[in-house]
Number of protein chains: 2
Amino acid sequence: MPGRPGPRRTLSPETITDAALRLLDESGAEALSMRGIAAAAGVAPNALYTYFPDKAAVVRAVFDRLLGRHGIPPLTGPGRWDERLRGAAVGLREGVLAHPGSAALLMSAPLDGPEALRLGELVLDALAEAGLDRETAARASYSVIVHVLGSIALEAADQGAAPSEAERIGGRRAGLAALPADRYPRTVAAADVIARYNTVEQYLWGLDRLLAGITGG
Amino acid sequence: MPGRPGPRRTLSPETITDAALRLLDESGAEALSMRGIAAAAGVAPNALYTYFPDKAAVVRAVFDRLLGRHGIPPLTGPGRWDERLRGAAVGLREGVLAHPGSAALLMSAPLDGPEALRLGELVLDALAEAGLDRETAARASYSVIVHVLGSIALEAADQGAAPSEAERIGGRRAGLAALPADRYPRTVAAADVIARYNTVEQYLWGLDRLLAGITGG
DNA sequence: GTACAAATTGTACGACGTACAGAAAGGGGG
DNA sequence: CCCCCTTTCTGTACGTCGTACAATTTGTAC
């Protein structure tokens, strides 16, 4: 099909998501407005509606590009399957957490974009290499993805929780640090234990336990 | 301290979150606006700012009450520890998914409200009963909570993804159902496999694998 | 009764998503 | 070469949002 009529100058879905990612890096997720993205792309706000039906569609596209931006390794690489899986998990975590606020998008859309599919293929490929049959691999990949994305989202929610200056009580945050140990004895003790590890270690510990339960049971 | 001056008639944090929960049940999570909550409580929008510094604080409080609304069983109940854990997990899932859209709040705030703490105590209690030492129980509880909340949030995001009428392409949704099987062979097969199970079964399968990896390793 | 502090309202501002209509712009048929 | 038609982008506007500010109401303490 040769060129269609009309002026088709500046925009495309890619230039729009490019501008959105630039905005996300510079100003955080709460700045991801239609007007802001349009301004970053140098067009009027409504111009975006030629390429996306609404804001949710733009956000989904941006989220998918976020998933694929951080060097997910090829499907069949060298090294042991679990090492490849751990490496991809750590890379994804670092890439997402580098842009605080973007993690809020992680659980907000179905995982059906092209980059999300590439991620799914990677996980399934590694699990097949581990010797799982098709059914177990399918179920396991879902649980692995839940663990990876859920951990990242929860960690971001924890550290991104607006300290907000208005919610401090008596100078310290009304959170785990100020718990009544008599009412929540185990939780306080657990917070104490977990605080001794950095989060990436806890993240990989959970992933390893999950993989052990899948392959060993 | 006897009564403070000023008229303190109608409101309190509880009446506000009550109104918000009523609104959430009737009109969904996207209707959770300050103005809407205030109207449901019968006051002017600004009245809420006497009790909460901003909307995010209201949402956090509502989210915490959501966590506790669905009959989380007492910390030390009858029955085997894993049965209690599974029961609480299923109950939480049903309760949250009954209000589509409210699941979007699940990963949006740190888990430090009173009901979130009660949930943490329940999990830790069950894990202690399983014979785990303090350190392992602490780490395991974090992973279990990630799995439970992450699964629910992802399921809600999948099914709540606005079909939106504008994003249908050729009459069918541009999603997993229309995948190019030559580019994503494993993913397509996995979607096929998982579709044969209802989600609660997959949810418990993942929980069981995780628990097996924790207690057996 | 009078002064003061706290709770609630009235009003307003800026930003948001997006609908609608029009203007600019370029290719295809004559 | 010119006209027409499709497509892209802009101008403008509407309703809603979160929330800041000042005024008003209301109760307690002296």
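Chain identifiers are assigned alphabetically (A, B, ...) following the order of the sequence lines, protein sequences preceding nucleic acid strands; residue numbering begins at 1 within each chain.
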Item to check | Thr17(A): side chain to side chain donor-acceptor pair (under 3.5 Å) partners, not counting sequence neighbours | outcome: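 Thr17(A) satisfies side chain to side chain donor-acceptor pair (under 3.5 Å) with Arg65(A) once adjacent residues are dropped.
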Please state how far atom [atom1] in [X] lies from atom [atom2] in [N], giving the value in whole angstrom units.
X        : N       : atom1 : atom2 : value
Ile37(A) : dC16(C) : CD1   : C1'   : 12 Å
Ile16(A) : dT8(D)  : CD1   : C1'   : 12 Å
Leu48(B) : dG18(D) : CG    : P     : 10 Å
Leu11(B) : dA6(C)  : CG    : P     : 17 Å
Tyr51(A) : dT10(D) : OH    : C1'   : 14 Å

Checklist entry - For Ala56(B) and Ser12(A), take the nucleotide of DNA chain D holding the closest heavy atom to each; which residue's nucleotide lies nearer the 5' end? => result Ser12(A)
Item to check | Short N-O contact, Asp112(B) and Arg60(B), less than 4.0 angstrom | outcome: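 No, no charged N to carboxylate O under 4.0 Å.
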Item to check | Presence of salt bridge, Glu121(B) and Arg118(B), under 4.0 angstrom | outcome: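 The answer is no: the pair does not qualify as a salt bridge.
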Indicate every side-chain donor-acceptor pair of residues 44-53 of chain A with a distance under 3.5 Å to a residue at least two apart or in another chain.
unit_1, atom_1, unit_2, atom_2, d
Thr50(A), OG1, Ala47(A), O, 3.3
Tyr51(A), OH, Leu11(A), O, 3.4

Checklist entry - Choosing from dA7(C), dT9(C), dT19(D), which nucleotide comes nearest the side chain of Asp54(B)? => result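 Of the options given, the side chain of Asp54(B) lies nearest dT19(D).
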Checklist entry - Choosing from dT18(C), dT10(D), dT19(D), which nucleotide comes nearest the side chain of Pro45(B)? => result dT19(D)
Checklist entry - Looking only at side-chain N and O atoms, does Thr10(A) come under 4.0 Å of OP1 or OP2 in dC9(D)? => result yes
Next on the checklist: Are the side chains of Ile214(A) and Arg139(A) in contact, using a 4.5 Å heavy-atom criterion?
Outcome noted: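 No, their side chains stay 4.5 Å or more apart.
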Could you pull out the protein-nucleic contacts involving nucleotides 13-17 of chain D (nitrogen or oxygen on both sides, under 3.5 Å)?
unit_1, atom_1, unit_2, atom_2, d
dC17(D), OP1, Ser33(B), OG, 3.4

Item to check | Side-chain (Ser151(A)) to main-chain (Val148(A)) donor-acceptor, under 3.5 angstrom | outcome: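 Not at all, since once roles are kept as given, no pair shorter than 3.5 Å links the two residues.
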